Amino acid sequence: MNKESVGIVETEYLDIEDPIELDSGKVLEKVTIAYETYGELNKERSNAILICHALTGDAHAAGWHKGDRKPGWWEMVIGPGKALDSEKYFIICSNVLGGCKGTTGPSSINPKTGKEYGLEFPVITIGDMVNVQKKLVDHFNINQLYAVIGGSMGGMQVLEWMVSYPKMMKKAIPIATAAMSYPQQIAFNAVGRQSIFSDPNWKSGNYYDSGEIPRNGLSLARMIAHITYLSDESMDIKFGRGLQDKDEISYDFTVDFQVESYLKYQGESFVKRFDANSYLYITKAVDLFDLSINGSLIDGFKDVEAKIEVISVDSDWLYPTEQSTEIVTALNANDVEVSFSEIKSNYGHDAFLLEKGQLNYIFANFLSDNVVEDLMMEEIATIKEDADVVEAAKLMLDRHVTHIPVVTDDYKLIGIVTSWDLSKSIATGSNHLKDIMTTTVKYCNAGDTIEEVARHMRKFDISCLPVVDEDMKVLGLITTDQISNLLS
């Protein structure tokens with residue numbers, strides 16, 4: 001096994017007992033989430049990265065399941081030494097709501113009937129998927145994700161996270177995606193769904209007990225979709241007009257060309273791993289996706305706070321580059337810190353699953369380009385100068401901290417009290433905080449680079465720095481432990 005792999009992994013499951021209210025107004029009871037994690041969550045719970053999968057993906061993003069012949073679908077970027085380094089980050093990936101790989105979907109058992117939901121499963125949205133993912137993140141007691149990353153439909157989930165939970169992530173990377181589904185994208189999905197509807201074995205979604213699945217309809221839907229994942233150049237390079245297992249044209253309706261055989265294979269293999277009803281629900285969720293407000297994407301992104309890297313693929317005609325630049329333009333209009341990269345590839349839309357070198361390079365640069373704001377703890381304990389020593393000691397015990405900034409009524413920094421200062425109070429018999437606190441405080445700003453702050457801490461032998469704005473108001477704290485976890 002490759003030493004840069006996370007190794008053998010298992011899919012885990014979380015049962016959510018609270019009802020999930022959907023965008024449609026309907027409610028789902030007892031939702032289960034299938035997920036995998038790679039790496040370890042640090043003690044500050046600040047190193048978590050959420051990975052969002054594409055249309056027919058699953059929670060198995062990296063590593064190997066026992067007995068499998070291939071690793072997780074994004075093995076090329078997840079693992080020790082890779083851009084999504086499992087020795088640095090705690091990486092989470094879950095199967096989406098409506099899926100068929102462990103998370104509740106139309107093939108799951110309806111607790112009210114004891115049978116598969118089928119078409120009794122309610123129509124879902126990308127927003128519903130993200131709300132369920134939020135339940136999983138809350139399960140780990142993570143207050144803020146370091147990053148949310150995903151491509152295609154996964155990129156839509158990233159954009160939804162940015163809008164629905166703007167304070168829940170420091171960074172976000174939407175790849176090969178759009179902020180709304182456009183008519184051509186909806187059209188391809190509609191034709192795929194019609195192919196399933198027209199299969200006599202579909203039986204209006206009630207095929208689970210029949211012993212027959214809508215094999216032909218689902219296979220055709222996959223063949224249609226797969227064409228959109230490729231590019232004309234990639235198909236020409238891979239197949240050209242090459243014949244399949246024959247030396248000349250047969251002049252009948254058997255398979256003549258290699259590209260025909262390839263698409264047939266893709267359709268047949270897809271049927272073995274995916275549920276037809278899930279395909280209906282997930283493609284419908286993609287069609288419904290639209291983050292604009294009253295037709296304005298600028299208004300739709302008005303609350304975004306994360307630092308964003310938008311990535312497109314130059315040969316992608318399903319989600320072309322101009323749809324990514326629309327996202328960049330709308331974010332710029334809201335003064336969001338956003339950068340843009342275009343992958344050069346002949347693979348088409350699928351490049352986000354194949355271009356190992358470019359993705360690792362872009363991810364690594366964006367994730368490691370850290371300033372204090374990316375890493376600092378924001379929800380911190382502070383105390384006023386007129387407090388007594390006992391109050392400071394109790395606050396340290398309750399919050400499990402060793403440093404507390406001392407602030408004025410309007411939260412301007414005037415000092416800091418440490419566990420060492422509390423020891424000094426015992427030796428001197430002082431009960432007043434102002435007698436023992438340090439007033440010549442070293443501090444930093446949110447825009448300082450991590451490297452600058454690390455050098456500053458080493459120079460003055462400091463383990464914690466308050467982070468302040470231009471008015472000296474306290475914004476948070478940064479510690480040597482956080483920096484060590486990052487730089488290691």
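Since the model is a prediction, treat every value here as computed from it, not as a measurement.
Heavy-atom neighbours of Y182 OH from other residues, nucleotides or ligands within 6.0 Å: above the threshold of 12. Counting non-hydrogen atoms of neighbouring residues, nucleotides and ligands closer than 6.0 angstrom, the OH atom of Y117 exceeds 12 such neighbours.
The CD1 atom of I109 lies 10.5 Å from the OG1 atom of T104; values are rounded to the nearest 0.5 Å. Taking CD1 of I91 as the reference point, atom CD1 of I49 lies at 5.5 Å (rounded to 0.5 Å). In this structure, S108 OG and L28 CG are separated by 9.5 Å, a value rounded to the nearest 0.5 Å. For the atom pair S86 OG and E40 CD, the distance stands at 10.0 Å (nearest 0.5 Å). The distance from atom CD of Q144 to atom CE of M377, rounded to the nearest 0.5 Å, is 12.5 Å. Separating the SG atom in C52 from the CE atom in M153 is a distance of 9.0 Å, to the nearest 0.5 Å.
Counting heavy atoms from C-beta on, the side chains of F363 and I78 never come closer than 4.5 Å. Looking only at side-chain heavy atoms (C-beta outward), Y411 and D469 stay at 4.5 Å or farther from each other. Side-chain atoms of L50 and W161, non-hydrogen and from C-beta on, do get closer than 4.5 Å to each other. Residues V96 and I124 form no side-chain contact, since every pair of their non-hydrogen atoms from C-beta on lies 4.5 Å or further apart. Between K101 and R273 there is a side-chain heavy-atom pair separated by less than 4.5 Å. Side-chain contact between M396 and V417 is present, with at least one heavy-atom pair separated by less than 4.5 Å. Counting heavy atoms from C-beta outward, I450 and I478 have side chains that approach closer than 4.5 Å. Proximity of I308 to I327: side-chain heavy atoms (C-beta onward) are nowhere separated by under 4.5 Å.
In terms of the ring pair (Phe, Tyr, Trp, His ring centres under 6.0 Å) criterion, residue partners of H60 (sequence neighbours excluded) are, by chain and number, H65. Residues that satisfy the salt bridge (charged side-chain N to carboxylate O under 4.0 Å, His left out) test with K167, not counting sequence neighbours, are E305. With sequence neighbours excluded, the residues that form a ring pair (Phe, Tyr, Trp, His ring centres under 6.0 Å) with F188 are W317. Y208 is linked by a side chain to side chain donor-acceptor pair (under 3.5 Å) to D275, N277, counting only residues two or more places apart in sequence or in another chain.
F340 and S312 make their closest contact through CZ-OG, 3.4 Å (heavy atoms, listed as atom of the first residue, atom of the second, distance). Residues V27 and E29 approach most closely at CG1-OE2, 3.9 Å, considering heavy atoms. Taking each heavy atom of F121 and G98 in turn, the nearest pair found is CE2-CA, 4.0 Å. Nearest heavy-atom pair across R215 and D199 is N-OD2, 3.5 Å. Nearest approach of E379 to N143, heavy atoms of both residues: OE1-ND2, 4.3 Å. Here the closest heavy-atom approach between residue T113 and residue E120 is recorded as CG2-OE1, 4.0 Å.
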Side chains of residues 13-21: which donor-acceptor pairs under 3.5 Å do they make with residues two or more places apart or in other chains?
| from | atom 1 | to | atom 2 | distance (Å) |
| --- | --- | --- | --- | --- |
| D15 | OD1 | T32 | OG1 | 2.7 |

List the atom pairs, with distances to 0.1 Å, where a side-chain N or O of residues 283-304 and a protein N or O form a donor-acceptor pair under 3.5 Å, not counting sequence neighbours.
| from | atom 1 | to | atom 2 | distance (Å) |
| --- | --- | --- | --- | --- |
| T283 | OG1 | R193 | NH1 | 3.1 |
| T283 | OG1 | Y279 | O | 2.8 |
| T283 | OG1 | L280 | O | 3.1 |
| D287 | OD1 | N189 | ND2 | 2.8 |
| D287 | OD2 | R193 | NH1 | 2.9 |
| D287 | OD2 | R193 | NH2 | 2.8 |
| D290 | OD1 | S292 | N | 3.0 |
| D290 | OD1 | S292 | OG | 2.7 |
| D290 | OD2 | S292 | OG | 3.4 |
| S296 | OG | I298 | N | 3.4 |
| S296 | OG | D299 | N | 3.0 |

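Side-chain contact check for H349 and S152: at least one donor-acceptor pair (N or O, by modelled atom type) lies under 3.5 Å. If you check the side chains of T11 and E36, you find a donor sitting under 3.5 Å from an acceptor. No side-chain donor from either of Q133 and E160 sits under 3.5 Å from a side-chain acceptor of the other. Residues S339 and E309 have side chains that bring a donor and an acceptor to within less than 3.5 angstrom of each other. Between the side chains of N216 and S219, no donor N or O sits under 3.5 Å from an acceptor N or O. Of the N and O atoms on the side chains of H53 and N95, at least one donor lies less than 3.5 Å from an acceptor on the other residue.
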| query | Would T418 and T402 satisfy side-chain contact (heavy atoms from CB on, under 4.5 Å), going step by step from the backbone distance to the final call? | reply | CA-CA 5 Å; T418 69; T402 57; 6.0 Å; no
Working note: Y361 + S341, criterion side-chain contact (heavy atoms from CB on, under 4.5 Å); need CA distance, chi angles, decisive distance, verdict. CA-CA 11 Å; Y361 178 79; S341 300; over 6 Å; no
Original post:
Checking side-chain contact (heavy atoms from CB on, under 4.5 Å) for the pair R222/L218: CA distance, chi angles, key distance, verdict?
Top reply: CA-CA 6 Å; R222 179 61 172 183; L218 181 58; 5.8 Å; no
- [ ] Test D316 against I343 for side-chain contact (heavy atoms from CB on, under 4.5 Å), laying out the working first.
- [x] CA-CA 10 Å; D316 186 351; I343 292 175; over 6 Å; no
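Between F274 and F270, the ring planes lie parallel to each other; the angle is under 30°, not in the 30° to 60° tilted range. Ring planes of F90 and F140: perpendicular class, angle over 60° (limits at 30 and 60°).
The backbone N or O of A364 lies less than 3.5 Å from no partner atom in the side chain of N360, so there is not a single donor-acceptor pair. Although no hydrogens or angles enter the test, the distance criterion places a donor-acceptor pair under 3.5 Å between the side chain of T125 and the main chain of D128. Formation of a donor-acceptor pair under 3.5 Å by the D350 side chain with backbone atoms of L353 is not found in this model. Distance alone, capped at 3.5 Å, places no donor-acceptor pair between the D68 side chain and the P71 backbone. A distance-only check finds a donor-acceptor pair linking the side chain of K82 to the backbone of E75 [under 3.5 Å]. Formation of a donor-acceptor pair under 3.5 Å by the K30 side chain with backbone atoms of P111 is not found in this model. Y38 contributes a side-chain N or O that, together with a main-chain N or O of A62, makes up a donor-acceptor pair within less than 3.5 Å. Counting only distance, with no hydrogens or angles, the side chain of Q185 and the backbone of L318 share a donor-acceptor pair below 3.5 Å. No side-chain donor-acceptor contact under 3.5 Å links T103 to the backbone of I33. Judged purely by atom type and a 3.5 angstrom limit, N334 uses its side chain to pair as donor or acceptor with the backbone of A330.
Ion pair D209/K115 flagged as a salt bridge, since at least one NZ, NE, NH1 or NH2 atom sits closer than 4.0 Å to an Asp/Glu carboxylate oxygen. Electrostatic pairing of K384 and D409 counts as a salt bridge here, judged by a charged N lying under 4.0 Å from a carboxylate O.
No option in L422, L395, L477 other than L395 meets the side chain to side chain contact (heavy atoms under 4.5 Å, CB included) test with I404.
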